[in-house]
Amino acid sequence: MSKNIRVRFAPSPTGPLHIGGVRTALYNYLFAKKHGGTFILRIEDTDQKRYVANAEKYIIKALNWSGIPYDEGIGKEAGYGPYRQSERKMIYQKYAQQLVDTGWGYYAFDTAAALDIQRKNSEANKETFIYNWHNREEMNNSLTLSKEEVDRRIATGDPYVIRFKTPKDELLVLQDLIRGEVKINTNILDDKVLYKSDGMPTYHLANIVDDHLMEISHVIRGEEWLPSMALHILLYRAFDWKAPEFAHLPLLMKPVGKGKLSKRDGDKLGFPVFPLEYTDEKTGDVSRGYREDGYFPEAFINMLAFLGWNPGTEQELFKLEELVDAFSLERVSKSGAKFDLDKTKWYQHQYMQMADDEKLAKDFQTLFKDELKEVGLHQQAHSYVIQVVSSIKERATFVADLWDLGHYFFKAPDTFDPKATKKAWKEGTDILMQNVIEILEGINDFTSKNIEENIKAWIQKNELGFGKVLMSFRLSLVGSMQGIHVFDIAAMIGKEETITRLRTAINQLS
Ligand code: GLU
């Protein structure tokens with residue numbers, strides 16, 4: 001790709017960013033990075049009714065947390081700003097006017113009430129009302145009113161809109177990089193409102209003008225915008241501008257059944273549909289986020305990348321840089337991608353295994369600081385925590401799992417699981433455990449291997465049965481049948497602590 005690649009993510013700040021939006025941003029990011037291009041964030045806030053004040057901040061935070069920050073946009077000006085459409089109002093008026101002047105647009109004065117009557121009439125005839133070539137000559141607009149009348153109305157402040165004059169009876173053959181050819185007859189298109197007399201452009205006008213002025217080379221966006229593509233291409237033609245290339249991404253679908261993945265699906269099935277936790281300013285409702293649920297951004301991004309794209313190989317784990325290398329729009333699928341919670345957790349589990357133990361230990365110490373304080377673990381014990389997390393993470397998906405999996409490394413059991421006790425503590429077990437204590441006392445180099453060799457030799461010599469002894473040993477150290485290799489536990493908690501726990505078990509269970 002030779003020309004300058006500039007792509008944009010253009011969300012409307014109407015609430016928290018859905019993970020489908022993050023995926024759109026991700027594909028834009030990957031495409032930009034792959035081709036040495038620029039990834040731009042533009043905020044499309046022309047719809048004041050749906051504007052939510054904290055949404056823009058949320059979007060930026062979400063991109064940053066996901067590891068896909070924008071190169072250009074709010075706070076990162078590069079000569080194409082401003083990047084909020086509400087701050088570009090002045091720009092759109094000129095272009096709306098240009099369309100009227102060239103005959104591609106016209107003023108329409110039809111009141112909401114008049115349009116409503118038309119709509120009701122159509123409904124009564126079981127038709128959908130559509131404002132276009134077939135009725136525009138009967139409506140209240142600059143195509144039917146005299147020039148003097150139009151000028152008079154505008155001068156006296158009559159509310160108006162500027163509509164696009166969609167050409168009649170033309171077969172448009174649109175090219176989409178994912179879908180290939182898309183054919184549309186212009187007769188089914190309506191004369192969309194592009195501009196309102198309150199000085200606000202609609203999405204369509206602002207979007208095209210900005211993509212042009214910001215020199216966007218590729219528009220990569222969700223499938224829900226595919227129906228707008230015909231109008232957008234017509235607008236480029238009307239302005240005599242070269243259109244960018246288009247790629248419409250498949251929808252993110254519900255895990256079960258049909259339809260688009262919604263917040264309700266997440267609530268019902270227990271997973272977030274937002275990257276970060278979000279508090280609704282009005283209702284105070286809190287929606288959960290991947291970050292707060294304990295997902296690593298790398299796992300989240302890897303999972304999202306595969307919802308609609310695949311590399312064409314067996315490889316499933318991709319770091320961001322690898323995604324950049326492997327990504328191509330050709331391998332984005334046309335059909336919707338079903339969200340899969342198990343797969344999402346699988347990614348997280350994989351990234352947990354690959355995570356740096358030192359970082360995991362830090363996260364663990366932060367998350368469980370109260371628990372660790374209670375057991376009196378000092379900051380100096382960081383290296384111990386690293387060892388612990390490294391030995392138990394195999395079973396963990398989230399950092400939050402690590403306490404349940406490894407609490408016995410930090411504190412002696414305060415109770416003994418009754419079922420395990422029944423199985424592992426019989427008559428005479430106290431004597432066996434007393435013997436174990438004596439063996440342990442004799443070991444100077446208290447490594448897992450040494451402990452294992454000594455205890456096993458003694459078991460063999462006395463024909464005691466491994467299971468019997470080792471179960472009681474484990475019960476004494478852990479309080480249940482849980483945990484990693486029992487000799488590793490002993491070695492890690494140390495000789496003194498191992499012997500103390502054995503003594504406690506003997507006292508409490510016999
Ligand atoms: N503002 C639109 C949205 O919220 C942008 C669509 C586009 O990328 O053209 O998704």
Side-chain angles (χ1 to χ4, degrees), residues 6-33 37-78 80-88 203 206-207 210-211 214 216 218-225 248-249 251-252 260-263 266 271-293 295-298 300-301 303-305 307-308 320 323 339:
R6 290 174 58 81
V7 295
R8 83 310 191 266
F9 176 50
S12 299
T14 55
L17 186 60
H18 186 276
I19 54 173
V22 183
R23 195 214 37 192
T24 299
L26 172 65
Y27 287 9
N28 273 283
Y29 174 93
L30 296 176
F31 186 78
K33 298 295 145 186
T38 307
F39 172 48
I40 298 154
L41 175 72
R42 181 173 75 223
I43 297 292
E44 301 210 323
D45 56 350
T46 53
D47 187 350
Q48 293 298 317
K49 277 188 267 134
R50 295 180 60 215
Y51 180 78
V52 172
N54 60 5
E56 179 186 299
K57 269 211 184 85
Y58 180 96
I59 291 165
I60 295 174
K61 262 203 221 151
L63 296 181
N64 289 340
W65 175 74
S66 305
I68 50 170
Y70 54 97
D71 304 310
E72 187 181 317
I74 291 150
K76 297 182 185 176
E77 296 278 335
Y80 293 87
Y83 295 89
R84 271 185 211 105
Q85 289 188 328
S86 58
E87 291 166 17
R88 301 171 63 80
Y203 154 73
N207 187 270
D210 287 350
D211 281 349
M214 294 181 180
I216 299 303
H218 294 75
V219 169
I220 304 169
R221 63 185 175 190
E223 182 183 303
E224 62 273 32
W225 301 102
H248 288 91
L249 308 174
L251 292 176
L252 285 198
K260 230 166 122 171
L261 179 69
S262 72
K263 173 161 149 38
F271 61 86
V273 298
F274 303 121
L276 316 176
E277 193 172 272
Y278 179 78
T279 308
D280 189 304
E281 278 178 340
K282 279 199 205 108
T283 60
D285 281 353
V286 179
S287 302
R288 55 203 270 198
Y290 279 84
R291 179 179 65 183
E292 290 72 16
D293 268 23
Y295 284 87
F296 297 155
E298 300 81 9
F300 173 68
I301 281 302
M303 174 280 286
L304 271 187
L307 286 178
L320 191 60
L323 283 173
F339 179 83

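Every residue two or more places apart in sequence or in another chain was checked for a ring pair (Phe, Tyr, Trp, His ring centres under 6.0 Å) with Y70, and none qualifies. A search for ring pair (Phe, Tyr, Trp, His ring centres under 6.0 Å) contacts involving Y27 returns F327, not counting sequence neighbours. With sequence neighbours excluded, no residue satisfies salt bridge (charged side-chain N to carboxylate O under 4.0 Å, His left out) with E281. For P13, the side-chain contact (heavy atoms from CB on, under 4.5 Å) criterion is met by I43, D45, Y51, A55, not counting sequence neighbours. Every residue two or more places apart in sequence or in another chain that forms a ring pair (Phe, Tyr, Trp, His ring centres under 6.0 Å) with Y203 is listed here: W225, H232. Residues meeting the salt bridge (charged side-chain N to carboxylate O under 4.0 Å, His left out) test with R88, sequence neighbours left out: D210. In this structure E298 satisfies the salt bridge (charged side-chain N to carboxylate O under 4.0 Å, His left out) test with no other residue, sequence neighbours excluded. Applying the side-chain contact (heavy atoms from CB on, under 4.5 Å) rule to R288 yields the partners P272, D293; only residues at least two apart in sequence or on another chain are considered. With sequence neighbours excluded, the residues satisfying salt bridge (charged side-chain N to carboxylate O under 4.0 Å, His left out) with D71 are K33. Partners of A206 by side-chain contact (heavy atoms from CB on, under 4.5 Å), not counting sequence neighbours, listed by chain and number: T46, Q85, Y92, P201. Qualifying ring pair (Phe, Tyr, Trp, His ring centres under 6.0 Å) partners for Y83, counting only residues two or more places apart in sequence or in other chains: none. Under the side-chain contact (heavy atoms from CB on, under 4.5 Å) criterion, T24 pairs with F9, N28, L249, not counting sequence neighbours.
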